[in-house]
Protein chains: 2
Amino acid sequence: MQRHTDTAARRGRDTARPAHSRGVVGAALRLFAEHGFEATTMDDIAVAAGVSRSTLFRRFGSKDDVLFADQDELVEEIGALLTESGEEPVAAVCAAARMVLRGYTTDPDVALARYQLVRAHTGLRDREIAMSARYQALFTQHLSRGHTDARTLLAAEVLAAAVIAAHNHVLRGWLRTPGETGAAVAQRLEEALSFVTEELAGSLRAAASGRSRPSGPEGAVLVAVYPAGASGGEVLAKVRAALEAGGPQQLQ
Amino acid sequence: MQRHTDTAARRGRDTARPAHSRGVVGAALRLFAEHGFEATTMDDIAVAAGVSRSTLFRRFGSKDDVLFADQDELVEEIGALLTESGEEPVAAVCAAARMVLRGYTTDPDVALARYQLVRAHTGLRDREIAMSARYQALFTQHLSRGHTDARTLLAAEVLAAAVIAAHNHVLRGWLRTPGETGAAVAQRLEEALSFVTEELAGSLRAAASGRSRPSGPEGAVLVAVYPAGASGGEVLAKVRAALEAGGPQQLQ
DNA sequence: GCCGATATTGAGACTGAGTTTCAATCCTTG
DNA sequence: CAAGGATTGAAACTCAGTCTCAATATCGGC
């Protein structure tokens with residue numbers, strides 16, 4: 001559906017965020033938890049929060065956005081933080097990931113309440129996934145800043161995806177079995193992040209520094225071989241056949 | 001938004017897909033392209049397709065789903081393909097990614113028309129992102145099948161995210177500058193995939209072999225060759241070197 | 001070919017999200 | 001206090017999505 005203007009949906013709200021926005025969100029969360037997301041109408045929220053339906057839509061844009069209001073703020077904070085960060089890109093992105101996780105763990109009640117709702121409804125799940133994608137886009141952009149070559153762009157995109165995956169892995173683990181302290185979760189994230197950066201950060205650096213990686217777009221030969229128990233001669237035969245056929249192809 | 005039952009939204013439709021479903025989608029795409037997505041109502045589509053609004057909702061579940069109907073089918077095909085695949089997991093996931101890309105490139109007109117719409121509307125963009133996430137979940141599940149240790153789970157999740165990122169990178173490139181042949185795009189995907197697998201597949205294998213061997217179905221040999229101006233002998237020499245080195249790897 | 005059981009379709013009413021318009025009520029600032 | 005713009009509320013409207021019920025296919029059995 002999403003009928004309201006996109007800009008209004010995502011951001012458009014007045015920059016001055018009235019103090020009782022928090023109260024509105026609180027009332028909404030209470031209603032959602034009590035009667036479910038779908039069963040709660042915008043009218044219900046309006047009367048519970050003591051404002052009119054109109055202002056509700058004006059301030060949040062949509063019902064989902066009431067639920068994800070603080071997350072939206074966080075996305076923007078992260079964006080701002082990245083643009084003005086002087087750190088080395090990969091480190092900056094990791095720092096951003098830490099901050100995102102902290103955004104959840106500092107408010108466990110809200111995060112868990114939302115998780116229950118998100119788990120139950122496909123529409124909300126998609127909304128949360130879209131949120132993740134926004135972080136990922138920010139990360140990609142920051143990692144590839146100033147570079148235009150295909151290799152670096154790909155490496156940036158992959159690394160951003162990997163960092164987000166690591167973050168989400170840790171986050172979901174915590175959401176499923178809460179009770180862990182914020183510090184313990186942060187520690188898990190550190191481990192996951194170092195796993196990712198050890199595997200991938202090097203290749204981004206290599207790609208970004210221009211010279212080191214093999215494939216210029218032209219003139220390069222890339223051979224990928226995955227032997228899974230076959231003899232070398234067998235593989236060679238297949239390669240020979242591939243070469244004779246002339247084009248790029250896959251055999252097995 | 002997304003008011004209808006989740007099951008109905010995602011899948012629920014009758015398994016027997018009437019032949020004129022294609023016609024309905026075609027009519028809808030024409031209307032979307034002509035008047036825009038939002039400006040086209042379900043009534044419009046219904047009269048254009050010669051069915052009732054009721055059956056439209058019954059068959060597709062929602063307006064978005066009319067636009068993404070074939071994609072939804074593809075997701076299920078991929079899921080089925082993965083579960084019954086005997087290949088080595090990473091190879092299977094790469095094959096799935098290839099199939100997804102082919103799902104776009106075999107129908108360039110539809111894919112490009114949809115891309116124009118998706119680009120313009122946040123709601124649709126989110127929908128497409130959710131689709132990507134579904135693929136990613138499938139990949140993660142397949143890569144971590146049979147393993148429960150945290151390390152492998154993380155590696156599977158990261159690798160799945162990376163493969164999806166590589167796929168999307170290539171896909172978006174094609175969507176932005178169409179005209180490239182399907183084969184050329186497929187080749188780009190090969191490069192992107194080998195970048196990813198070279199960086200990450202090893203770590204998944206390492207994590208997984210901590211316990212049980214991922215038991216590559218023996219005898220499966222995948223050889224991907226991309227000659228871009230090099231002589232066959234040169235390539236063969238490199239393959240021979242790769243075999244002597246023993247593991248899957250990349251040479252230049 | 002006919003008939004009853006079962007899907008499939010269509011029509012129409014209904015809910016609720018999101019938009020729009022306009023009037024009322026704040027704040028400002030002079 | 002008065003004129004300016006901004007914030008709010010009320011109400012009507014559109015349209016997606018659901019639900020119910022009647023009409024019509026469709027199909028197996030006779």
Kindly give the atom pairs (protein nitrogen or oxygen, nucleotide nitrogen or oxygen) under 3.5 Å for nucleotides 11-14 of chain C.
from, atom 1, to, atom 2, distance (Å)
dA11(C), N7, Ser54(B), OG, 3.0
dA11(C), N6, Ser54(B), OG, 3.3

Exercise. With sequence neighbours excluded, give me every side-chain hydrogen bond (donor to acceptor under 3.5 Å, both in side chains) pair touching residues 159-169 of chain B.
Key: Glu157(A)-His169(B), Ser132(B)-Asn168(B)
Quiz item: How long is the line joining CZ of Arg59(A) and C1' of dT8(D), in whole Å?
Solution: 10 Å
Quiz item: Of all the nucleotides listed (dG10(C), dG16(C), dG17(D)), which has the minimum atom distance to the side chain of Thr55(B)?
Solution: dG10(C)
Practice problem: Write down the distance between CE (Met42(A)) and C1' (dG18(C)), rounded to a whole number of angstrom. | Solution: 9 Å
Quiz item: Starting at CD of Glu38(A) and ending at P of dG17(D), how long is that distance when rounded to a whole Å?
Solution: 12 Å
Quiz prompt | Non-neighbouring partners of Arg53(B) that pass salt bridge (charged side-chain N to carboxylate O under 4.0 Å, His left out), sequence neighbours left out | solution = none
Practice problem: Specify the separation, in whole Å, of atom CG of Leu56(B) and atom C1' of dC19(D). | Solution: 17 Å
Self-check item: Rounded distance (Å) that lies between atom P of dT15(C) and atom CG of Asp43(A)
Solution: 13 Å
Exercise. Would you mind telling me which of Glu128(A), Arg134(A), Arg127(A) makes a side-chain contact (heavy atoms from CB on, under 4.5 Å) with Gln71(A)?
Key: Glu128(A)
Quiz prompt | Rounded distance (Å) that lies between atom P of dC15(D) and atom NE2 of His35(B) | solution = 13 Å
Quiz item: Between atom CZ in Phe57(B) and atom C1' in dT8(C), what is the gap in whole Å?
Solution: 18 Å
Quiz item: Can you list the residues that meet the side chain to side chain contact (heavy atoms under 4.5 Å, CB included) rule with Thr40(B), with sequence neighbours excluded?
Solution: Leu31(B), Phe32(B), His35(B), Asp44(B), Ile45(B)
Practice problem: In whole angstrom, give the distance that lies between atom CD1 of Ile45(B) and atom C1' of dC15(D). | Solution: 12 Å
Practice problem: Check side chain to side chain contact (heavy atoms under 4.5 Å, CB included) between Ala92(B) and all other residues, then give those that pass, not counting sequence neighbours. | Solution: Leu82(B), Ser85(B), Glu87(B), His142(B)
Quiz prompt | Residues that Glu180(A) engages under salt bridge (charged side-chain N to carboxylate O under 4.0 Å, His left out), provided they are two or more places apart | solution = Arg188(A)
